[in-house]
**Q** 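Take this structure first; my questions come after.
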Number of protein chains: 2
Amino acid sequence: MGSTATTTVPTNAELMEALAAVGAAYFQDFAAAAARHGLSSSQAKALGSVQEPVPMRALAGRLGCDASNVTGIVDRLESLGLAHREAAAGDRRVKIVVITDEGREILNRIRGEMARTHQAFEAMTDEQRVALHSICAQVLPVLAGRTGAAQ
Amino acid sequence: MGSTATTTVPTNAELMEALAAVGAAYFQDFAAAAARHGLSSSQAKALGSVQEPVPMRALAGRLGCDASNVTGIVDRLESLGLAHREAAAGDRRVKIVVITDEGREILNRIRGEMARTHQAFEAMTDEQRVALHSICAQVLPVLAGRTGAAQ
DNA sequence: TATTGTTATACTCTATAACTATA
DNA sequence: TATAGTTATAGAGTATAACAATA
């Protein structure tokens, strides 16, 4: 079914170009919204990655960077009162990053102020929203390299 | 049509999360492929932005960064033999960045070596490919802030 | 006077390596 | 011996400001 349309099936190269353009535009919108609140995109991304408490090491994994970088990023979030470090229960080596109420509020504001992104989403039909979301969900595990492994 | 499915229409927040995850994973695949060829992601992005000759200033616009940064990025591409500067015909102030044959070959290799991206694309049905491509095309102008203006 | 490209400067992100305190 | 977090360091990206050449 669906072979009556005159639409051409896009090549991998065309899909790559489209995805790269959308990804870059999304990121710019995100970075601009974060900057309005005095956060770099890395800091804002970190803030969004600690909605549940996360050990420093695991946060590095989520951010896709070396563990040594997380120190400075969390330092800044902590100095701004957006997150704080807590001692872990079982292992005294690990520190757990916990978002504060103010951090959560700033995060929500940043996300709410991504005007272009919201504008783009609201111009989509329900069918398009469902399609985009399900395609992303299907593609993400492969793209992120989680073929069968956990975490 | 399409109201028989039990699928729920995703919220803006859910779409943002999905898009952010896919965009980040795509970017990591791109950066890793570029690094294998000794290029930073900025340099590789610049290389992909000069498939047609582009003035330095316009390249800065495409990369979404200040013009002063482009000098160093193009310096490196030039020292690697992947691009070179040419004088512009009408205006002696402007320099035009032109990709070399070797630059084009490296660019094609980088794109071809984005294994996870190709893997993700090839797991998609033709319908999904068409849907993703058309959604991206529809959403991009809004997301990139080009509501009606040219270039 | 305005614009293009460059340089100088400073700040941030990033990885590597070495250090500490725990395990 | 290995691991979690930190520190020190160096390289690259980024923006701001000032500059030379040209328009």
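To find a chain, count down the sequence lines: A is the first, B the second, and so on, and within it residues start at 1.
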**Q** Going by atom types alone, do B:Arg129 and A:Asn12 pair a side-chain donor with an acceptor below 3.5 Å?
**A**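 Their side chains do contain a donor-acceptor pair, which is all the 3.5 Å distance test asks for.
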**Q** For the pair made of CG in B:Leu80 and C1' in D:dA12, what is the distance, rounded to whole Å?
**A**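 Atom CG in B:Leu80 sits about 14 Å away from atom C1' in D:dA12.
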**Q** Taking any heavy-atom pair under 4.0 Å as a contact, classify B:Arg92: base, sugar-phosphate, or nothing.
**A**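 Sugar-phosphate contact only.
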**Q** D:dT22, D:dG13, C:dC13: which one has an atom nearest the side-chain heavy atoms of B:Gln43?
**A**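 Of D:dT22, D:dG13, C:dC13, D:dG13 is nearest to the side chain of B:Gln43.
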**Q** B:Lys95 side chain: which of C:dA17, C:dG5, D:dA4 is closest?
**A**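 Closest of the options to the side chain of B:Lys95: C:dG5.
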**Q** So which nucleotide from D:dT22, C:dA21, D:dG13 ends up closest to the side chain of B:Asp91?
**A**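 Of D:dT22, C:dA21, D:dG13, D:dT22 is nearest to the side chain of B:Asp91.
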**Q** Go through C:dC13, D:dG5, D:dT22 for me and flag the one nearest to the A:Arg76 side chain.
**A**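 From the listed options, C:dC13 comes nearest.
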**Q** From CG of A:Asn69 over to C1' of D:dA12, roughly how many Å is that when rounded to an integer?
**A**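 Atom-to-atom, A:Asn69 to D:dA12, this comes out as 13 Å.
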**Q** From C-beta outward on B:Ser68, which listed nucleotide comes closest to its side chain: C:dT14, C:dT7, D:dG13?
**A**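 Within the option list, the nearest is C:dT7.
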**Q** Take atom CG of B:Asp66 and atom P of C:dG5, then tell me their distance rounded to the nearest Å.
**A**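 So the CG-P distance, B:Asp66 to C:dG5, works out to 12 Å.
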**Q** Report the distance from atom CD of A:Glu86 to atom P of D:dG5, rounded to the nearest whole Å.
**A**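 So the two atoms are 14 Å apart, to the nearest Å.
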**Q** Are B:Arg85 and B:Asp75 ion-paired here, with the side-chain N under 4.0 Å from a carboxylate O?
**A**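 Salt bridge flag = yes for B:Asp75 with B:Arg85.
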**Q** Rounded to whole angstroms, how far apart are CD1 on A:Ile96 and C1' on C:dT22?
**A**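 Rounded to whole Å, this separation is 15 Å.
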**Q** Any idea which of D:dT22, C:dA21, D:dG13 is nearest the A:Arg93 side chain?
**A**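 The listed nucleotide nearest to A:Arg93's side chain is C:dA21.
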**Q** Distance check needed: D:dG5 P versus A:Glu78 CD, whole Å only.
**A**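 Spelled out: CD on A:Glu78 to P on D:dG5 is 13 Å.
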**Q** Heavy atoms only, 4.0 Å cut-off, all strands: where does A:Thr71 land among base, sugar-phosphate and nothing?
**A**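 It contacts base atoms.
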**Q** Does D:dA2 have OP1 or OP2 sitting under 4.0 Å from an N or O in the side chain of A:Arg57?
**A**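 No.
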**Q** Flag the pair B:Glu86 and B:Lys95 as a salt bridge only when some basic side-chain nitrogen lies within less than 4.0 angstrom of an acidic carboxylate oxygen.
**A**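 Judged by the 4.0 Å cut-off on N to carboxylate O distance, B:Glu86 and B:Lys95 do not form a salt bridge.
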**Q** Going by distance alone, is a donor N or O of one side chain under 3.5 Å from an acceptor N or O of the other, for A:Glu113 and A:His118?
**A**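 Distance-only check fails for A:Glu113 and A:His118.
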**Q** The side chain of B:Ile73 lies closest to which of these nucleotides: D:dT14, C:dT4, C:dT16?
**A**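 So the side chain of B:Ile73 is nearest to D:dT14.
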**Q** Check the angle between the aromatic planes of B:Phe27 and B:Phe30 and answer parallel, tilted or perpendicular using the 30° and 60° thresholds.
**A**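 Tilted, since the angle between the ring planes falls between 30° and 60°.
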**Q** How many whole angstroms separate atom CG of A:Leu63 from atom P of C:dT12?
**A**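 For the pair A:Leu63 CG and C:dT12 P, the rounded distance is 17 Å.
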**Q** Return the value, rounded to whole Å, for the distance between atom CG of A:Asp75 and atom P of D:dA8.
**A**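 Rounded to the whole Å, the gap is 12 Å.
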**Q** Please determine, for the side chain of A:Cys65, which listed nucleotide (D:dT14, C:dT14, D:dA4) has the closest atom?
**A**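 In terms of side-chain proximity for A:Cys65, the closest of D:dT14, C:dT14, D:dA4 is C:dT14.
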